[in-house]
Structure formats: structure tokens, C-alpha cells
Amino acid sequence: MRKRSALAAVLIAALVLVAAAAARGVHSTGPTKLTIWVGWSAGHELTSFEKLIDEYNRTHKNVSVKVVGGIDDNKIVAAIRSGTAPDVVSSFNSYNVGNYCGSGGWIDLTSMLKKDNIPASTFPKATWYYTGYAGKHCALPLLADVYGLYYNKKLFKAAGIKSPPKTMSELAADAKKLTVRDKSGKIKVAGFDPSIGFYENTPERWIQAYGGKWIDSKGHSLIGKDPAWSKWATWQKSLVDWFGYSNLVRYQAQPIDEFTPSQAFETGKLAMNFDGEWRVAFIHNEHPNLDYGTAPMPVDDAHPELYGSGYINGTIIGIPRGVKHLAESWALVKYLTTNNHFLAQFSNMIRNVPTTKASLNSKEITPDSHFKTFLTIFANPKSGTSPIMASGQAYTNSVQDFFEQWQAGKVKDLNGGLKKLASQLDAQVAQAGGGGGVP
Amino acid sequence: MNGAVADTAGASAPALPLRTRARRRADWRRRRLVLLLMSPWIVGFSVFFAYPLVMSAYLSFNHYDLLSPPRWVGWANYHYLFNVDPLVWEAVRNTVVWMVLIAVPCQVLFAFGVALLVARAKSGSGVFRTVFYLPALAPPVAATLGFVYILNPATGPVNVLLSHIGINGPLWFNSPQWSKPSLILLSLWGIGNTMIIFLAAVLDVPQHLYESAELDGAGPLQRLRYVTLPTVSPVILFAVVLGVIQGLQYFTQAFVAASIASGQASQAGDTFSGLGYPNHSTLFYPVLLYQHGFTDFQMGYASAMAMLLLVVSFAVTLVIVLNSRKWVHQAVPR
């Protein structure tokens, strides 16, 4: 009996040893599994990214990268908190860099950038700005979004308009000329929809056209002091009033969702639209016969020198704290943000703007007259972005809230309201526990 | 039984400690069994109620962004809540005025009215009960999606029908004036649960009370006033307390309606920034709390908001229950 027990024990021990050795063997020879979370969910965008990651997997035998799409910031934060974050994360929300850097949720990449000799000058100034906060660089840009004007050439021709507007007064005049209403006054075709909250219309994108200042050197809000804000708001409200606020609301309530083929500009229900560069790919995929043009956004009549510039933000990518395979994660981030071949390919596929200076001029970028406009805006030294603040997205949301109240006629004293907004923003930043960085 | 044990113990002194020990062991076994049987509840209560409540109270005195460790800030969150946050009083007004003072009476009256009508139905009462109860089974998200579709200002069937008779329909969920009435309409549609409870109470009113009242010459309204209402008053109290608590916690329908009506629920990776659409008209207190906690990542401040909501809910419920002694009919005299 004893002999049998001893024999069984030896056999079990041998089996355990063999299994352990086999497991170690598999582990040491197999590729390291990495997971990357991305925000893209629209069909062609996610599949394009997956295709390029497949290429990365083929050329980097030591890793096997899995892509998970449709991720928003809530999921990222929840995963970091619970210790289940993936190896690499990306977010559409560059506004939240303040949260990620300030809290250490995304690790500081400074030492790795330094070690691999990747200087700040690799990236255009605006993208470098919105990927860092308070001296830390916890993110890098993964293609940028640049905003400009889309216009329907067929509708322009019918209305006798020869070229896209360059100033705000031209934009308002063209918008009125292009608008078609039915007998009851309802909007059938909008020349332009200036409503804040509609599609990509947000204050931070508009104020760029007026050269408006956000904060002073100490991070305090200048919204109540810089006259650019009230000037833009007055222009915007006068155009909203021309359409009629409720007419615009009714127009927007139609089934014209932004990221569907029934989007208003794509279907000819909107003659001019303020939109990001990605629309070029959407139109190509969904309405290839649409006769349209792209141009920089019109600017304040008093500041013609700003024409050609625009608002920039974009997707950011980083490494959440506590990752197991830091070296492999960093190698992937580095590839996705600095490999000019990858950036050019991905840019061709989803028509976002590549984010290194070198990739901007890459010969691999497929020429496209519509898309070229956005590359030019991106390279314009006057193009800019909004401030990265400790309160993250709440900062720009508060500004948007105010202007939505304003366009609905709920703010009677614009200048007084802007001053109040400024003090509220300062209090919000203080409450969130820190200051901001000057763009 | 106790006397019998005492007598036996007196007759045989050495047996007493043994019996006492045995009884204590039996008591302990019983207690263990009770604890064991209650343990799922105890664990659930501790993990999902007591711990979050205590943590929420603690976090309300901290700056906590969900990612870095909480940092003690004393009363700063409460100061910001009462003195600085520009949206909080708008959210309180929307919640208290619309979801408590207007919606709750509307829901109670409507549910009670429907219950009275269904109780009187001579034939097909089963069908009516089913028809009025059925909406309560619809998940809140699905029901809200359906209402946003039906009440779409441009393409919804309601406004299309109205336009056929020459009426320019309202903007419903897209209008600051109409969004809250639209939500109340949605809540009235879903009163099935309350209606069923009222129906049971109405059918439970003793018939002889109506007969006595009729003999005394009471008309239908007087029978309602002096017989039905006092008898069902405990159910009315229940419906009011429940309605007020649900009104103070109103979230799902407002969140879904705002995201769909604003057209911002289309790209999965984007964080929705249109809470309260249009123009803060659907910004209720819990919606604002969610925004601060999960969109702005200010969980310390959101916890302070949650503590205030808890205190207010408790105080309002207490006031209603204490006042109810004046108008709720008690079947058993105290």
C-alpha cells in the first residue's frame, strides 16, 4: 500500500513538473498578448484600425495585439480603478488629459520619450499641447481632428454663389441665400445651422475664428474680459434669430443623425456645414456622388489674417497605470504615434489628419483635394485648441451650456452672463483641484 | 414550561448546569441557524447598502476623482454645492416642482381614476386591467425611446396627425417648455403598478359601507368622499411616499430622452455631453449628480450631492408620514 502511495506521489510530482515546464515553455516562446481599447465604433473606422493592427502583429512577432472598439472615458476610468485596464487605451476626449495626467491614471511617458529620443518637435504644437498637463506628458496624439467648412457646390451654383465664404458676414449672407423654407416657414434646406450643440458646433471650435482668448497666464478665465466672445455670441444669436430658434430645433429633430448616411449635409438638407475632416471619408463611403467642396472656416471680419486657421483636437493614446507589459505597451504606443507609415495608412483609411510633422508630408498619403484643405489648416501656425484644465470636459461643457442658454434667449445680459460664467469656471477648476495650462 | 424546568432542577441539583449548558448550546445553534439563513441578506445589506452609504458619507468630505486616492477637503464640497454650482438649483427646481409637486399628484390621481373606472367596468374588466397595466412592464429605456419617436416634432406620428388638422404640433422633448410635460405624460402612461394596487384597494372596500351610505342618502360623490377615499387612504399614502421617493431619484427617462432628442447618442466612443437637453429643462438632481460623478469624474462632490439627496428624501418621507395621521384612515384604533 505504502509503495503504491509513494509511486503515485512520484508520478503526480513528475506530471506537475512536466506541466509547469510545458507552461513555461509556451510562455517563453509565445507572443505577449496585449489589448488596446479604442473609441472607434463606426464600421469603416474600427475595421481600418484592426487591419493595421493585424499588420503590426505580423511584423512584431513578440506580441499579439487585440483591439476592442466603442470604448468611452467612463469605461476607461472604471477599468483603471478596478485594475482591469488593458495595456493601451485611447480616447476621443483630449479634454480629459487633465484628469488622466493629474491623477496618474495614465502613466507619464516623459522618460520613455526621452530614452527613445522623441522630442516635442516631432508633433505639431497644438497636438503636443493637448496631450500633456501640468508638466507631465501622459498621452500622445493618434491622428488629429481638424475643423473646416463643407459646402454643397450644386446648391451654391443654384443660388448663384461662386466661392465659399471667408468672413462671418459672408457666411450669414450665404446661409440666408441658400435656405429654402416651405409655405409654413419650416426649413426644408438650411443654408447653415449655427445652433450650438448641433453636430460639431461647439464654442471652442467657433471662437478660434475670432481669435478669442480662454485663460490668462495663471489659468483664470478670460471669457468675461475678451470682447471676442461677446462679438461671436452676438453674431451667432442674430443668425439663430433669423432662422427662428424653434424652426431650427424642429429642423434638427428630423432623422438626420450625424454619424449615419442620413446626415443632413450628405443628403443635401444642409448647404454648408462646420465639420471635422473625417466627413470626407464618410461622404466617400456613403454618398460618393455628392458634389461638394471644403474650405477653412470663415473668420471674424475684423481679423482676415486668421483665415486659413482652424480648431484642432483629436484622439489621444496612453498607457494606464499598473500594466503588466510596460515595454511592449510603450512599443505599441510609440509605433502608433510616430511610425509615419502607419499614420499615413490610417489617415488614408479614415481620413483623420496624421499627427507627426513628417507624416503630414508623407508620400504615402493619398492625394485628395477635399482632405488637403484640412492638412493645410492643421499646418497653419494660427490654428489652435482649447485649454486642458483640471476639471476636464466639464470646463468646455460649462461654456457650451451657457451659449445654449444664450441662443435660446434665456440670457438677457450677455456681458454680465459672460463675467459670471468666467467666475464659475474659475471656481470649477479650483474645486477640481488645480489650475490649467495655457494653450 | 419554564416552571416545569425549574421544578425538575430543584429535585436534582447536579443536573442544572448540564441542562443549562445544553439549553445554551441549543440557543446558540438556533442563533447560528438564524444567522446562517439571514446571511444572504446580511451580506447583501452590508456590501450593497451599508458600505456604499458609509463610503459615500466619507467621500463627500474628500476630493476624489476616481483615479487618485481621496484627499480630505472638509466641507468644501458642500460649500460648492450650496454656494457655487450654477446648475444645482435649476436641477433642484426641476426635480421638486415637476417630478414631486406636479408629477406625483398627477400620477396618484390618474392611477386612482383609472382604478375606479376599471373597478366599475361591467364587462371586459380583465382586458381593461391588462391594457392599463401592460405599460408598467415596458423597460423604462424602451418606453422612453418609444415616446421620443412618437413625439418627434418633425416626423413623429402625433405631430403628423396634428398637422393634418392644421395644428403646428409642439416640439415635445426638443422644447424647454414641453420636455418636462412630455416626461410626465410618459410617467402617466406607466402607472400600471400603482393602478393595480389602487384597484385592489377599491375592490376591497366593504360593500355594506356603500349600502349604509346609500341608505343615508349619499350620492356617488359623497360615497367617494366619505367611503372610498377614507378606506383606500393607506394606499394613497403608500403611492404618495413611493412617488415622492421615485420623483427625487428621477433619472433614466430624463437621461435617455435627452440623449436621443439631442441627437448625440450616435457614436459609441464619445462621451455624451448633452445632459439636461434642451436648455437644462431635463436636468434633474440625479442627472446632475451622475454628470458630476461619472462624466466630470468628481466623485467626492457627487457624493456630497448624494448625501443631500438622502437627507432630503428621508426628511420629506418623514414629514409625509407624520402628517398622514391627520388624513389616513386607521382600521385599528391606536
Side-chain angles (χ1 to χ4, degrees), chain A residues 38-42 69-74 77-78 80-81 90-93 96 99-100 102-106 184 186 197-199 202 246 249-260 315 321 391-394 396-398 400-402 404-405 408 410 420-421 424 427-428 431-433, chain B residues 63-69 71 73 76-77 79-80 83-87 148 151-156 159 163 168-177 260-281 283 291-292 294-301:
Chain A
V38 295
W40 291 291
S41 60
I71 296 292
D72 63 18
D73 287 41
N74 274 335
V77 170
I80 295 172
R81 291 186 65 220
S90 88
S91 162
F92 287 158
N93 240 325
N96 279 337
N99 300 86
Y100 294 135
S103 64
W106 289 21
S184 64
K186 283 181 191 165
F198 173 69
Y199 289 172
T202 59
S246 59
V249 172
R250 202 178 295 272
Y251 167 79
Q252 291 158 17
Q254 298 176 95
I256 52 170
D257 281 359
E258 186 179 6
F259 293 102
T260 64
T315 304
R321 71 172 172 223
S391 52
Q393 197 180 5
T396 43
N397 279 354
S398 298
Q400 181 165 337
D401 271 352
F402 175 82
E404 283 181 0
Q405 302 285 314
K410 287 178 88 178
K420 201 173 161 191
L421 172 65
Q424 284 164 354
Q428 182 195 74
Q431 212 275 338
Chain B
H63 174 265
Y64 182 45
D65 59 15
L66 290 169
L67 292 173
S68 45
R71 178 166 47 84
V73 292
N77 287 329
H79 170 75
Y80 190 78
N83 301 309
V84 184
D85 192 335
L87 298 176
V148 174
L151 298 177
N152 183 296
T155 55
N159 273 17
S163 71
N168 195 12
L171 297 172
W172 301 109
F173 287 105
N174 295 76
S175 151
Q177 285 78 36
I260 301 300
S262 68
Q264 288 192 30
S266 45
Q267 180 84 308
D270 277 330
T271 306
F272 172 52
S273 59
L275 290 174
Y277 174 86
N279 297 123
H280 300 158
S281 63
L283 189 71
Q291 181 177 319
H292 284 305
F294 295 99
T295 309
D296 303 344
F297 306 126
Q298 292 184 31
M299 195 50 82
Y301 178 58

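- For B:D85, no part lies near chain A; criterion is any non-hydrogen pair under 4.5 Å.
- Between A:F198 and A:Y251, the ring planes lie tilted relative to each other; the angle falls in the 30° to 60° range.
- For the residue pair A:Q393 / A:N93, a side-chain donor-acceptor distance below 3.5 Å is found, with atom types taken as modelled.
- Between chain A and the residues B:T155, B:L171, B:V84, B:D296, the most heavy-atom pairs under 4.5 angstrom are made by B:L171.
- Every residue two or more places apart in sequence or in another chain was checked for a salt bridge (Lys or Arg N to Asp or Glu O under 4.0 Å) with A:K420, and none qualifies.
- Per-residue heavy-atom pair counts under 4.5 Å with chain B were compared for A:L421, A:I80, A:V77, and the maximum is reached by A:V77.
- For chain A, the nearby part of B:N152 is the side chain; its heavy atoms alone come within less than 4.5 Å.
- Residue contact with chain A, scored on non-hydrogen atoms closer than 4.5 Å, is absent for B:H79.
- In this structure, the separation between OG on B:S175 and CG on B:N279 is 9.0 Å, given to the nearest 0.5 Å.
- In this structure, B:F297 and A:Y100 have tilted ring planes: the angle between them lies in the 30° to 60° band.
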